[in-house]
J.: 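Once you've had a glance at the structure underneath, I'll fire off some questions.
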Amino acid sequence: MERTYIMIKPDGVQRGLIGEIVKRFEQKGYKLVAMKLWSPPREFMEKHYADLSSKGFFAGLINYMVSGPVVSMVWEGANAVLEGRKMLGATKPSDSAMGTIRGDFCVEVGRNICHGSDSVESANAEIELWFPEGISEWESCESTWIYE
Ligand code: DAT
Ligand code: MG
């Protein structure tokens, strides 16, 4: 089973969208294996977005991402990385299909309410970065009704 790192950004938390976003991943059939609400320091967020450090929007992105607490989660399931990205929608909300989280709940790329790993490799690195304490292994009673 694949695991992906999904994060509700400060605007998603402030706008009361934690439950809605968690609900969508639960209802899809993915399993929550790690979750915390916290405010990581600026240097930590810069590490998370290190590959974007040369972009003109980097400073604004980091200011936004440390403007309040975020919800960090790991969701597990078949093709969780790619499917998770589909559920979030395109990076720019104006390109995000209706029915996706970004398509349904936000307007601007700089306030796009959620993050999802973009590959299995980056998911593994992000899970290690955000959950050095490890994740919870548990058996879901739904698994035989979700997978054949
Ligand atoms: P994604 O979050 O879909 O993986 P990304 O990794 O390319 O997209 O960028 C990370 C975040 O940076 C993105 O969610 C919002 C912000 N961002 C990306 N492109 C931007 C732009 N052109 N202007 C402002 N913010 C941008
Ligand atoms: Mg990205």
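Both backbone and side-chain heavy atoms feed into the values below; hydrogens, waters and symmetry mates do not. Atoms within a ligand are numbered from 1 in the order they appear, just like the ligands themselves.
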J.: With heavy-atom distances below 4.0 Å as the criterion, list the atoms of ligand 1 near Tyr49.
T.: 10 (C)
J.: Between Asp51, Ile113, Thr91, which one has a non-hydrogen atom sitting closest to atom 3 (O) of ligand 1?
T.: Thr91
J.: Students should be able to answer this: which protein heavy-atom is nearest to atom 21 (C) of ligand 1, and at what distance?
T.: Phe57 CD2, 3.5 Å
J.: Closer than 4.0 Å to some heavy atom of Leu52 - which atoms of ligand 1 meet that?
T.: 9 (O), 10 (C)
J.: Angle class for the Tyr5/His115 ring planes (parallel below 30°, perpendicular above 60°, tilted otherwise)?
T.: tilted
J.: When you measure from atom 15 (C) of ligand 1 to every protein heavy atom, which one gives the shortest distance, and what is it?
T.: Val109 O, 3.4 Å
J.: Roughly how far apart are Leu88 CG and Ile6 CD1, rounded to 0.5 Å?
T.: 5.0 Å
J.: What protein heavy atom is closest to atom 11 (C) of ligand 1, reported as residue, atom name and distance in Å?
T.: Leu61 CD1, 4.0 Å
J.: Taking 4.0 angstrom as the limit and counting only heavy atoms of Arg85, give me the atoms of ligand 1 inside it, by number and element.
T.: 1 (P), 3 (O), 4 (O)
J.: Here's one to test your reading of the geometry: is the NZ or CZ of Lys36 within 45 degrees of the ring axis of Phe131 and under 6.0 Å from its centre?
T.: yes
J.: Tell me, with the steps shown, if Lys23 and Glu26 meet salt bridge (charged side-chain N to carboxylate O under 4.0 Å, His left out).
T.: CA-CA 5 Å; Lys23 185 190 82 175; Glu26 277 188 329; over 6 Å; no
J.: Looking at Asn112, which atoms of ligand 1 are within less than 4.0 Å of one of its heavy atoms?
T.: 13 (C), 14 (O), 15 (C)
J.: So Tyr30 and Phe25, would you call those rings parallel, tilted or perpendicular, with 30° and 60° as cut-offs?
T.: tilted
J.: Is the closest protein non-hydrogen atom to atom 8 (O) of ligand 1 under 4.0 Å?
T.: yes
J.: Do side-chain atoms of Asp104 reach the backbone of Gly99 as a donor and acceptor pair under 3.5 angstrom?
T.: yes
J.: Can you tell which part of Arg102 has a heavy atom less than 4.0 Å from ligand 1: side chain, backbone, both or neither?
T.: side chain
J.: When you compare the side chain of Ser53 with that of Glu46, does any pair of heavy atoms fall below 4.5 Å?
T.: no
J.: If you measure every N/O of Lys9 against every N/O of ligand 1, is any gap under 3.5 Å?
T.: yes
